[in-house]
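Just so it is clear, the model here is predicted, and its values are computed rather than measured. Within every chain, numbering begins at 1; the chains are lettered A, B, ... in the order of the sequence lines, protein sequences first and strands thereafter.
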Amino acid sequence: MKVKTRFAPSPTGFLHIGGVRTALFSWLYARHHGGQFVLRIEDTDRERSTQAAVDAILNGLEWLRLDHDEGPYYQTRRFDRYAEVADRLLREGKAYRCYCTREELEARRADQIARGQNPRYDGRCRTRSGPEPGVEPVVRFRTPDDGVIVVDDLVRGHVEFQNSELDDLILIRSDGTPTFHFGVVVDDGDMGITHVIRGDDHLNNTPRQMHMIRALGYPVPAYGHLPMILGSDGAKLSKRHGAVNVLEYRDEGFLPDALLNYLVRLGWAHGDQELFSREEMIRLFDISGVNASASRFDGEKLKWLNQQYLKASPPESLVGEFERQLQRAGLDPGNGPPSALVIEAYRERAATLRELAEGAAYLYGEPLHVDEAAVRKHLTLAIGAPLALLTARLGELATWTRGEIHGAMTAVAAEAGVGFGKLGQPVRVAVTGGTVSPPIDVTLELLGRERALQRLGRALSLTGSSAVA
RNA sequence: GCUCCCUUCGUCUAGCGGUUAGGACGCGGCCCUCUCAAGGCUGAAACGCGGGUUCGAUUCCCGCAGGGAGCGCCA
């Protein structure tokens, strides 16, 4: 059997971490089995669906390169089809018109809850003889009264439901539009979906959907319900943890493959392996190995992974996104050393491209901020003379390379009778404004002779030394 | 309230009847070192509770507790 999976988000919000993980597992399942991956936009709720959300979903998937083979389909363009199927069900007696009003329904629900019952529609319109004047009916599905239905879930295993617990779901609203449940089963059937991999929150809906699919005469797909992703505090994912547009991770300087790698390890593992390339994920992913329990989102581990990817990527491949980060910080990439060299020097000092750009800001203009305490500590009177000597020597260098620079510093340190570090750190503070940077020779090389000498000269005056060479 | 699901270090997880319960993030220490990192070594840190089954349970079964989801003319 040819595998066909789908990702079916409703465009009522942006694509967030939880949605991405669902899409990823569904995509991986299809790719692993050489099958197809369908994208379907479930926009039957016309009140809450927006084009902006559709765009956010499409852009997010594109950034992550979770490519689909079919779609995107839009349910709003298939209303005729749903109406046609509903009519057929009505004719076959598998569905019926219900004239109960919302008010009546609500009152009965409240009553049932008060009596400690599972609130559900009582099926009273099943046997109704004729229409109720003045009421636009809904179409309800006739669910079996008794017996059990079993969901053999790919991740949960055998789950049983009593049919008596299930009520008659609405297929078509009184305004003629289909509900989510109906759209899902008609679409999954029409599109030939073989494996439905979706969030855990749908497990309880599954038995009813299975009944509908059977009534429609479609083969019942296999189901796999993925556990939820919670925030780092164990609470439901919200805006303050990870329920933000996935594209914000791009803006924060994360790499798409790193994010996917992080997500694939939430609920799934392959022994002790932590790093998975796309190809490895596809080759090794197995839905039967997916955990049934919810997991928490850990931003620290995501950062660690991102740095692993930063260190492993060819610097040239990061240039584009790095330069966007510089621009975002108000810096001009053209006003500094070649980006690939900066990335090379900084990537083991930054977890994200944004951090990388911020750390290297002094290479593109005056330091954004100067660590005054470091200035007082390192740019002392005592270091003035060695610093002046070094400045002079650097000015005489034939070529501005880290090797030459290092040689000059070693020589000056020796002549001045100070350790390399005693000289290096003041230089670092002088040229970067802070105490953190790549090895000082590399730092100076990247900065360039002109800027380096200029900043050293200025620092000299701060030491209070008059020994300007 | 009812139905369903879940439960191994703080976190992500390995484990699929017998292990000194392994790895990773984070945290501590040491090494390396011109700073910060990166890297290496290393330390602390877990089987929710109670019953069974079994020669033997983290592992299988049943309760309990705790957490979660669903119960809409939302998806």
Side-chain angles (χ1 to χ4, degrees), chain A residues 8-13 42-45 47-49 98 100-102 105-106 109 112-121 136-140 151 153 156-157 159-162 165-167 169-175 177-181 183-184 199-207 225 227-228 230 232 234-236 262 265-275 291-305 307 311 346-351 359 374 378 406 409-410 413 419-429 432 434-441 443:
Chain A
S10 56
T12 53
E42 307 213 324
D43 52 354
T44 53
D45 183 353
E47 292 285 302
R48 299 197 301 153
S49 298
C98 170
C100 298
T101 64
R102 293 169 205 253
L105 259 17
E106 254 165 62
R109 214 168 4 244
Q112 285 167 325
I113 291 173
R115 289 207 309 264
Q117 295 174 338
N118 189 359
R120 57 188 190 277
Y121 179 65
E136 279 301 321
V138 299
V139 177
R140 283 186 189 270
V151 180
D153 195 88
R156 304 290 151 137
V159 184
E160 283 185 9
F161 294 85
Q162 296 294 324
E165 292 292 333
L166 277 21
D167 64 355
L169 241 31
I170 292 174
L171 267 26
I172 302 288
R173 302 182 183 108
S174 52
D175 66 0
T177 62
T179 59
F180 155 79
H181 291 284
V184 166
D200 188 328
D201 45 340
H202 292 297
L203 182 58
N204 285 290
N205 295 327
T206 304
H225 287 95
M228 295 195 66
L230 307 172
S232 52
K236 196 169 168 182
Y262 175 72
R265 287 283 290 97
L266 249 35
W268 179 81
H270 183 258
D272 287 340
Q273 188 170 344
E274 296 288 349
L275 266 22
N291 270 152
S293 53
S295 45
R296 300 186 189 201
F297 184 84
D298 178 7
E300 289 302 314
K301 188 153 187 181
L302 205 212
K303 286 177 94 172
W304 174 79
L305 262 169
Q307 185 174 43
K311 289 194 300 176
Y346 262 96
R347 60 181 172 174
E348 49 187 48
R349 299 180 164 71
H378 295 286
H406 193 85
M409 289 190 68
T410 308
F420 191 96
K422 283 275 182 273
L423 182 61
Q425 199 60 349
V427 172
R428 175 170 285 111
V429 173
T432 72
T435 57
V436 174
S437 85
I440 193 62
D441 49 352
T443 299

Is any N or O donor-acceptor pair between the side chain of [X] and the base of [N] shorter than 3.5 Å?
X         : N       : result
Ser295(A) : rC12(B) : no
Arg349(A) : rC36(B) : yes
His181(A) : rA75(B) : yes
Glu274(A) : rG23(B) : yes
Arg428(A) : rC34(B) : yes

Applying a 4.0 Å non-hydrogen cut-off, can you work out what [X] is touching in the nucleic acid: base, sugar-phosphate, or nothing?
X         : result
Asn205(A) : base
Ile440(A) : base
Thr435(A) : base
Val138(A) : base
Thr44(A)  : sugar-phosphate
Glu42(A)  : sugar-phosphate
Tyr262(A) : nothing
Met409(A) : nothing
Gln162(A) : nothing

His378(A) versus Thr435(A), side-chain donor and acceptor atoms under 3.5 Å: no
Pair Gln425(A)-Arg428(A), side-chain donor/acceptor within less than 3.5 Å: yes
Gap separating the CZ atom of Phe161(A) from the CG atom of Leu166(A), nearest 0.5 angstrom: 8.0 Å
Heavy-atom closest contact (Arg156(A) atom, Val159(A) atom, distance):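 Looks like CB-CG2, 4.0 Å.
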Listed nucleotide nearest any side-chain atom of Glu165(A), set rC6(B), rA24(B), rC2(B): rC2(B)
Mate of rC47(B) where both pairing distances stay under 3.5 Å, Watson-Crick or G-U: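 When the pairing criteria are applied, nothing turns out to pair with rC47(B), so the answer is none.
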Pairing partner (Watson-Crick or G-U wobble, both distances under 3.5 angstrom) of rU53(B): none
Electrostatic pair Asp167(A)-Arg140(A), nearest N-O below 4.0 angstrom: no
Separation between the P atoms of rU3(B) and rG18(B), rounded to whole Å: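 About 36 Å, rounded to a whole number of Å.
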